[in-house]
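Nothing here was measured: the structure is a model prediction, and the numbers come from that model. Numbers restart at 1 for each chain; the letters A, B, ... are given by sequence-line order, proteins then strands.
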Number of protein chains: 4
Amino acid sequence: MINRVVLVGRLTKDPELKYTPNGIAVATFTLAVNRQFSNPQGEREADFLNIVVWRKAAENVANFLKKGSLAGVDGRIQVRTYEQDGRRQYFTEIVADTVQFLEPKGSSGSGGGNGGGRSNDFYGAPPREPQGSSYGGGNQNQRQNSNQGFTRVDDDPFAGSGQIDISDDDLPF
Amino acid sequence: MINRVVLVGRLTKDPELKYTPNGIAVATFTLAVNRQFSNPQGEREADFLNIVVWRKAAENVANFLKKGSLAGVDGRIQVRTYEQDGRRQYFTEIVADTVQFLEPKGSSGSGGGNGGGRSNDFYGAPPREPQGSSYGGGNQNQRQNSNQGFTRVDDDPFAGSGQIDISDDDLPF
Amino acid sequence: MINRVVLVGRLTKDPELKYTPNGIAVATFTLAVNRQFSNPQGEREADFLNIVVWRKAAENVANFLKKGSLAGVDGRIQVRTYEQDGRRQYFTEIVADTVQFLEPKGSSGSGGGNGGGRSNDFYGAPPREPQGSSYGGGNQNQRQNSNQGFTRVDDDPFAGSGQIDISDDDLPF
Amino acid sequence: MINRVVLVGRLTKDPELKYTPNGIAVATFTLAVNRQFSNPQGEREADFLNIVVWRKAAENVANFLKKGSLAGVDGRIQVRTYEQDGRRQYFTEIVADTVQFLEPKGSSGSGGGNGGGRSNDFYGAPPREPQGSSYGGGNQNQRQNSNQGFTRVDDDPFAGSGQIDISDDDLPF
DNA sequence: TTTT
DNA sequence: TTTT
C-alpha cells in the first residue's frame with residue numbers, strides 16, 4: 001500500500017555505518033526537520049526522525065554526510081516493535097530509498113574534508129534485489145576506517161551493539 | 001522544511017473524536033498500511049501508524065470512517081515527547097492535512113450505515129488559520145452521540161483521558 | 001534529485017498494454033484526479049494525468065484496472081519532448097513505481113469480471129534492473145487477448161501506433 | 001483527491017513575479033530536476049518543471065531565489081488547457097504550497113546579494129483563504145523594482161504578457 | 001528556451 | 001478525448 005515520505009533536514013550527528021553478518025551495509029542517522037510554524041513561545045521546533053538506508057547508499061551516506069549536513073530523504077515509514085522490561089515498545093523510522101546530499105557549494109568547511117560540492121543522490125534499498133553476498137564485508141567507509149573496524153548490525157540498526165547472531169533472513173529486505 | 005507523508009491503509013478501529021477546551025475538534029485513528037513485501041515467513045506485515053486530524057476534517061472522519069475503512073492520508077510526521085516513569089518517551093504521529101475516504105461503491109456494509117458511496121476528501125488543519133471559537137463545543141459526531149458526549153483533549157489527542165487544564169496555546173496549531 | 005508524486009484518482013478509460021520490441025510490458029492510462037475545491041462556477045474540476053508503468057506492474061494494471069477504477073500511483077514526473085510540424089512539444093507523464101488497486105469490496109460489478117476484491121499493489125519500474133529477456137513477448141493481458149495480439153511500443157508508450165524500429169536503449173529505463 | 005508532488009532542483013532562470021488585477025502576487029519559475037539515471041549516451045538528463053506559487057510565498061521566491069538556486073517544492077500537479085491555432089494544448093504545472101530555499105551557507109555568490117544563508121521555507125497558496133484585496137498591488141519584489149514596475153497576470157501566470165481583462169474569479173484559487 |  |  002502507498003507509504004511515502006519525503007523529508008529535508010539536517011543530520012544531528014555523523015551517520016553510523018554498520019554491516020550485517022552477511023556484509024550488507026546499513027547506515028542510520030537522525031534528521032532534524034524544522035517545523036513550519038514556531039510554537040506559542042516563539043520557538044521554531046524540529047522533529048527528529050530516524051533514518052535507515054541500506055547497501056551502496058549507506059556507504060555513500062557515511063562518506064559524504066556528517067553532522068549538520070543538509071539532506072533530502074525519500075522513503076517509507078516503518079514501525080519496529082520490541083520488548084523492554086516486559087513492555088512492548090515502538091520504534092518509528094524512515095527507510096530511505098534515496099538520500100540526496102544538499103550542500104551545493106564546496107561546503108562542509110572544516111572537518112572530514114569530503115571534498116564534494118555537487119548536489120548528489122544516493123539510491124538505496126532497491127526493492128527485493130537478490131540478496132547476494134556482493135557486499136563482502138569490506139569496510140569502504142572512509143571516515144570510520146581507523147582502529148575500530150566496522151560494526152555488525154543485527155536486527156536493530158539503531159542499537160549500540162548487537163551480539164545476538166541472526167541471519168539476513170531476519171532483516172527487513 | 002519539507003516534511004510530507006502520503007499513506008493509504010485501513011483503520012484498525014473506529015476513529016476517536018474529541019474536543020479541546022476551546023471547542024476545536026480533533027480526531028485520531030490508527031491506519032494499518034500493508035508492507036510491500038512479505039517477510040521471510042511469508043507473512044504480509046503492516047505498519048500501524050497514528051493519525052491526527054483537526055477541525056472540520058476531524059468531524060468528517062468521525063462521521064464517515066470506521067474500523068476497516070480504506071483511507072488516504074496526506075500530512076506530515078511529528079514526534080511528540082513525554083515523560084513516563086522518569087523516562088523520556090517518543091510518540092510518532094502523522095498530522096493529516098487531508099483524509100480521503102476510499103470506499104467507492106456504496107460500501108461500508110454493516111454497521112453505522114453512512115450511506116456514502118462517493119470517494120470523498122476532508123481537508124483538515126489549514127496552516128495557521130485564526131483559531132477562533134467557531135467550534136463551539138457542540139458535538140457533531142453522529143456516531144458517538146449517545147450518552148457519553150464528547151471527550152476533552154488536552155495535549156495528547158491519543159491519550160485516554162486528559163484532566164490537566166491547558167489552553168489552546170499549548171496545542172500544535 | 002528528489003522527484004516524487006503520489007496520486008489517487010480514477011481511470012478515464014481502460015489501460016493500454018503494449019510491449020517493446022524486446023518484450024518488455026508497458027501500460028499507460030489517464031488518471032482523473034479531482035481538485036480540492038470547486039471552481040467559481042461551482043463545478044468540481046479534475047486534472048487528467050498521464051501514467052506509464054513498466055514490466056510486471058504493467059500487466060497487472062492491464063488485468064485488474066479498467067475505466068472508472070479507483071487507483072493510487074506512486075512515481076515521478078517526467079517531461080518528454082518531441083517535434084510536431086517543426087514545433088517543439090512537451091508531454092508530461094508520471095512514471096509509476098507502484099500502482100495500487102483501490103476497489104475494496106468485490107467491486108467492478110459488470111464487465112470484465114476481474115474477480116479481485118482485495119486492495120492490491122503492483123510494483124513497477126524497479127530502478128535499473130537488468131533488462132533481461134524475461135518478458136518473452138507473450139501477451140499475458142487477459143482482457144486484450146482476442147485477435148489483435150499485443151502492440152509494439154517504441155519511444156512513446158502513449159502513441160497510437162509505433163512502426164519505427166528502435167532498440168531498448170531508446171527507452172527511458 | 002490525493003495529488004502530492006515533492007521536488008528538489010535548481011531554477012533555470014530568475015523567477016518571474018506578477019500581480020493579478022486584484023493585487024495578488026504570483027511567481028513562476030522552472031525547476032531543473034536531474035534524473036536518477038543517465039541515459040544510454042551516458043548523459044544525466046533533467047526534467048524541467050513549471051512551478052507557480054501565490055501570495056506572500058511568491059514574493060519571498062522573487063526576493064530570495066534566482067537562476068541556479070537549489071530549491072525544494074511541495075505542491076500539487078495541475079493541467080491547464082488552452083486553445084492555440086484551433087488546437088487544444090495542455091500545460092502542466094506544479095502549484096506549490098511550500099517552496100524551500102536550500103542554499104545553506106551564505107551562498108548565492110555574485111549578483112543580487114540576498115544575504116541569506118539559512119535554509120528557509122515559504123508557504124504559499126493557503127487553501128481557500130478569503131480572497132480579499134489584502135495585497136494592495138504594491139510591488140515588494142526587491143529585484144524587479146526598477147523601471148518596469150510589476151506585471152499583471154491574468155489567466156496564465158506563465159504567459160509573457162496578459163492583456164485580456166479577467167477577474168480574480170478566473171484564477172485557480 | 002533551460003540548472004549544477 | 002476524459003473518471004465517480
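- Residue D:Gly9 is classed as having no contact, given no heavy-atom separation below 4.0 Å to the nucleic acid.
- Going from atom CZ of C:Phe101 over to atom P of F:dT3 covers 19 Å, rounded to whole Å.
- Checking E:dT4, F:dT4, F:dT2 against the side-chain heavy atoms of C:Arg10 singles out F:dT4 as nearest.
- For D:Thr30, whose side chain is taken as the heavy atoms from C-beta onward, the closest listed nucleotide among F:dT3, E:dT2, E:dT3 is E:dT2.
- Contact check for D:Gln89 versus C:Gln89: side-chain heavy atoms found under the 4.5 Å cut-off.
- Nearest nucleotide to the C:Ala32 side chain, out of E:dT3, F:dT3, E:dT2: F:dT3.
- Computed from coordinates, the D:Glu45 CD to E:dT2 P distance equals 12 Å when rounded to whole Å.
- Residues D:Ile77 and C:Asp47 form no side-chain contact, since every pair of their non-hydrogen atoms from C-beta on lies 4.5 Å or further apart.
- Rounding to whole angstrom units, CZ of residue C:Arg44 and P of F:dT3 are separated by 15 Å.
- In this structure, the side chain of C:Asp121 engages the main chain of A:Met1 through a donor-acceptor pair within 3.5 Å.
- Looking only at side-chain heavy atoms (C-beta outward), C:Asn34 and B:Gln100 stay at 4.5 Å or farther from each other.
- Atom CD in D:Glu93 sits roughly 20 Å away from atom P in E:dT2 (whole-Å rounding).
- When rounded to the nearest whole Å, the span between CD of D:Glu103 and P of E:dT4 equals 10 Å.
- One atom, CD of D:Glu43, and another, C1' of E:dT2, lie 15 Å apart when rounded to the nearest Å.
- Summarising the geometry, the separation between NZ on C:Lys66 and C1' on F:dT3 is reported as 13 Å, rounded to the nearest angstrom.
- In this structure, the NZ atom of C:Lys13 is 8 Å from the C1' atom of F:dT2, given to the nearest Å.
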